[in-house]
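Just so we're on the same page: letters track the sequence lines, and every chain starts at 1.
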Amino acid sequence: MKSGVLRDRSGALLLVLPVIVFLAVFFLWPLWTMVTAAFVDDAVSKVLPRTASSIVSWDGQGVPSQATRKALVQDLSAASEEQALGEAVRRLNSAASGFRTLLGRTIPAVKAAPDPAQVDLAAVDPRWNDTRFWVALKEAMPPYTDRNILAALDLKRDASGIIVAEAADVSAHRLIMLRTLMVAAMVTVACAVIGFPYAMLAASLTGWKRSVLLLAVVLPLWTSLLVRTAAWFILLQNEGLINRALQAIGLIDSPLPLIFNRLGVVIAMTHVLLPFMVLPIYSVILGIPRNLMSAAQSMGAGPIRAFWRVLLPLSLPGLLSGSLLVFMVAIGYYITPALLGGANDQMISSVIAFYATGTANWGLAGALGLILLVVTTVLYAIYGRFSTSQQVPGA
Amino acid sequence: MFRALQATFGIAVVVFLLMPIFAILPLAFTSSVFLNYPIPAYSMRWMHELTTAEVWRTSILNSLIIGSGATVLATVLGTLASLGMRRGALPMAGLLRTMFLLPMVVPAVVLGVGMQIFLVRLGLASTYLGVIIAHAVLCIPFVIVSVSAALQGIDPTIERAASSLGARPVTVFRRVTLPLAIPGVVSGAIFAFATSLDEVVLTLFVAGPNQRTLARQMFSSIRENISPTVAAAALLLIVGTLCLGGLGALLRWRQGRKTAAAAA
Amino acid sequence: MRPFIQFESVSKAFGSVTVVNALDLAIEKGEFVSLLGPSGSGKTTILMMLAGFERPTQGAIYLDGKRIDHLPPYRRQMGVVFQNYALFPHMTVAENVAFPLEMQRVPRAEIARRVERALDMVKLKPLKDRRPSQLSGGQQQRIALTRALVFEPSVILMDEPLGALDKQLREHMQLEIRELHKRLGLTIVFVTHDQSEALTMSDRIAVFNAGRIEQIDNPQVIYDTPRTRFVAEFIGETNLIEAKIASVDNQVARLSLGAGLSARAHAAGGLSAGQTASFSLRPERIRLGMAPEGSNALDMTITDCIYHGDHMRVQLARDDFSLVARCERLAGHWTVGAPVVASFDPRDCTVLAQ
Ligand SMILES: Nc1ncnc2c1ncn2[C@@H]1O[C@H](COP(=O)(O)OP(=O)(O)OP(=O)(O)O)[C@@H](O)[C@H]1O
Ligand SMILES: [Mg+2]
């Protein structure tokens, strides 16, 4: 009997194993890579190992010792991997501007020298006498850093290592996070305000009317997200259908600005996410026995009282799980804001994408991604507690 | 009065939900160079452009290649996993299930960043295989949800009956379990294909110019120089997904009819 | 020589809960044995161990002299009929019935012939190309039965096969199954919790309680001389009488019933004067009015009289001693409050094991 259980178990494991391995390698590992990208900072120390161990003893005043400078020359002449060197240069240049040209001149000189040990850095480029570059070099050496996660929160360490707020004009991550939450909240409220009565209406109808209402919810769900976004583009643009219609009936003289602003983003996202609000509420309302309302009314509650005291409290779980779902998906949204929003409507995902693909700043992209990941996971955990349905969209 | 209000509200929301989809379709046949109303005359110009212009044609082809690859990969892996999780023989089944569904939840951009760094390290960035793998990660949850539901609908006594009638475990699987689970597998595959077809964000991160998919091409076209080709592509996508959706609904309906008997 | 089917001190535990406890059960070839008991008494578990879906935690099961408890279900050659029929929804009726024959690699032509014949037997040949979902409950039931019979298994196991049918159809199917059993000489193990079904159909009934057999006997013995209080109460209705034994003499015990009444009962042995024991007396064994020669006669009062259509239930009492009698309606007219003599044969009052 024991062996039977064991055989069942190992058989089941054998079937599940491929997915476990696949997702561990191609899902969890990439996420982990992203998280480590935020904290690992070994681009420089990997290429300049001797300098890394030597510069530790430097006190940050003036210029490091002869030995350290020798070590740097040795490292540079030994560095052969083009890509790793490039990354190190990029990292150093982002810490102290001018580093790129400085190294751009130094490296060929070092490589060309017959005996690297004889190279004098200050002779190659006088900027090597500048403390600023050496400080940047020293600070780039520790393999782990909290710089990215601090930067993601608009914080930094000052010269003495104390965490302080970033200057207001330098970075705007907090503003963008706040904006993300704002947009997500607006979309959630809009979905709730439209979705709740809509679900109730659908549940109260029968026959073809109900079918039409449900079909209207499901059909967009089956339509490509890009198609829907493109469609809103057509509707909302200045010469779009909505503006033309409003102008035609004389409500407005000049086109309303509906696109490339917050309004356009919220309208389109509400359209995209409305089904995720309607469906959970609808299924909860369907589960409420119909005669409860009649029972409440038979006990003397007017229709409005019966609604407030009976139907609303009972359908609240649906509203809650729908709202969580919409909010959770909304904060990670990328495509709709990217296509329909203006520069001031970009949400956290757009910023992550910008750091990742635009400037190849993986550290900051990873740190912001980590924050978004944590928030989403927490929301999902809460959602999992509130909702029994497994329905979750891919965004 | 209240009724009229209800009706107005219902109609308004239905229009809100459906109008965009129906508004974009006629523009596939406009003769104008602007993706806009009014339509001066109907023409096949943009449909022609969609099927002949190099970027669009290759993007359609890429979507089909990547969609098929991701669908096959996700369907095989997801079906195996659903079968394994079926009898509750596994410890920590709940945890596994959560992990399997997680790709649906993690924001695509977050996964995209990680995936890009990771695939570069593996040397799979900007390859078909890399894009297929990335899409498959997103598709697996849909397959698992769909196949698990189908398997859950199979009455275990039916398999016991087969076994008592002399069928070995492999035969039980081949003759009873699989035929009853197939509709779930197929609709899982349909979900997977539709998901891959519509995927933009991951593709943005992991695909090179050679793996540009239709959705990705639409994204940059809307962003950079929008033209009625986008409407033509939209029409293609809508017709495609509706066909797939219809097929899935048909299968589910047939399965529902079949298994209704077992429960009787 | 072992019996055809034998359970030898078989126990089954799920985790720490013992569901079947040291069961010994022997069934002969061609016998129709019902397993009867309340819900949760382990009937299905026993059947599933016989069919091979559960393994005994302890003990051995033999079929035809061979030990089978380690064999998988598909090697046991038993036709199982499940409560929900378990027809394959994706196959037609004919395909369902052909399935076990295909598993035995019977040649195609012969399969067709045997399926045809089997369907003919249950008069369902016209439905052979339908799907199970297009059949009524009774038809599905008959297909399930046919499918279990067609490969001529050595034993047929049925787990409450008629539970989902309405009363009329159930009675019809009971007859049909009995008929098949007689005609084909089948060995049938039949699980039910419907006592009248067990009484009408079986050669022997095993009454289960909490994983143990309380009594196994033919229906008449079970009904007339229940051995334990559980059996007496579970099957039919009975008067349970707690009485002190005044004397035992030549297989006849004198009981003092209280309220100054006394009666004689058949003592099976093991009873001795001075002890207290429980007895079962079926209501229909009590006669009201005059007492025949040799029977017990008790002077009692009618306290209630309930009309049941074809019979009456008459409540009798004397002080705190009370009985229920079941009377034919023609047997007389009873008035509440009237004195009456209740009589019964000493052999109808059977002693119960504690
Ligand atoms: N797989 C199992 N795991 C744990 N306990 C079980 C399992 N199967 C049965 N049991 C328990 O064993 C006991 C007997 O179950 P069984 O199904 O044999 O009863 P039964 O006599 O057939 O009852 P019923 O008349 O309700 O069908 C029950 O208490 C049940 O809860
Ligand atoms: Mg049972």
What part of [X] is in contact with chain A, defined as an atom under 4.5 angstrom from a non-hydrogen atom: side chain, backbone, both or neither?
X: B:Leu235; value: neither
X: B:Ile190; value: side chain
X: B:Ala215; value: both
X: B:Val137; value: both
X: B:Phe100; value: both
X: B:Leu197; value: neither
X: B:Ile11; value: neither
X: B:Leu237; value: side chain
X: B:Arg121; value: side chain
X: B:Thr195; value: neither

Closest-packed option against chain B by number of heavy-atom pairs under 4.5 Å, given A:Leu213, A:Val218, A:Leu241, A:Ile352: A:Leu241
Just give me the residue among A:Gly240, A:Ala338, A:Pro275, A:Ala268 that pairs up with chain B most often, heavy atom to heavy atom, under 4.5 Å. A:Ala338
When rounded to the nearest 0.5 angstrom, what distance separates NE2 in A:His271 from CZ in B:Phe16? 5.5 Å
When the aromatic ring centroids of A:Trp222 and B:Phe191 are compared, is their separation below 6.0 Å? yes
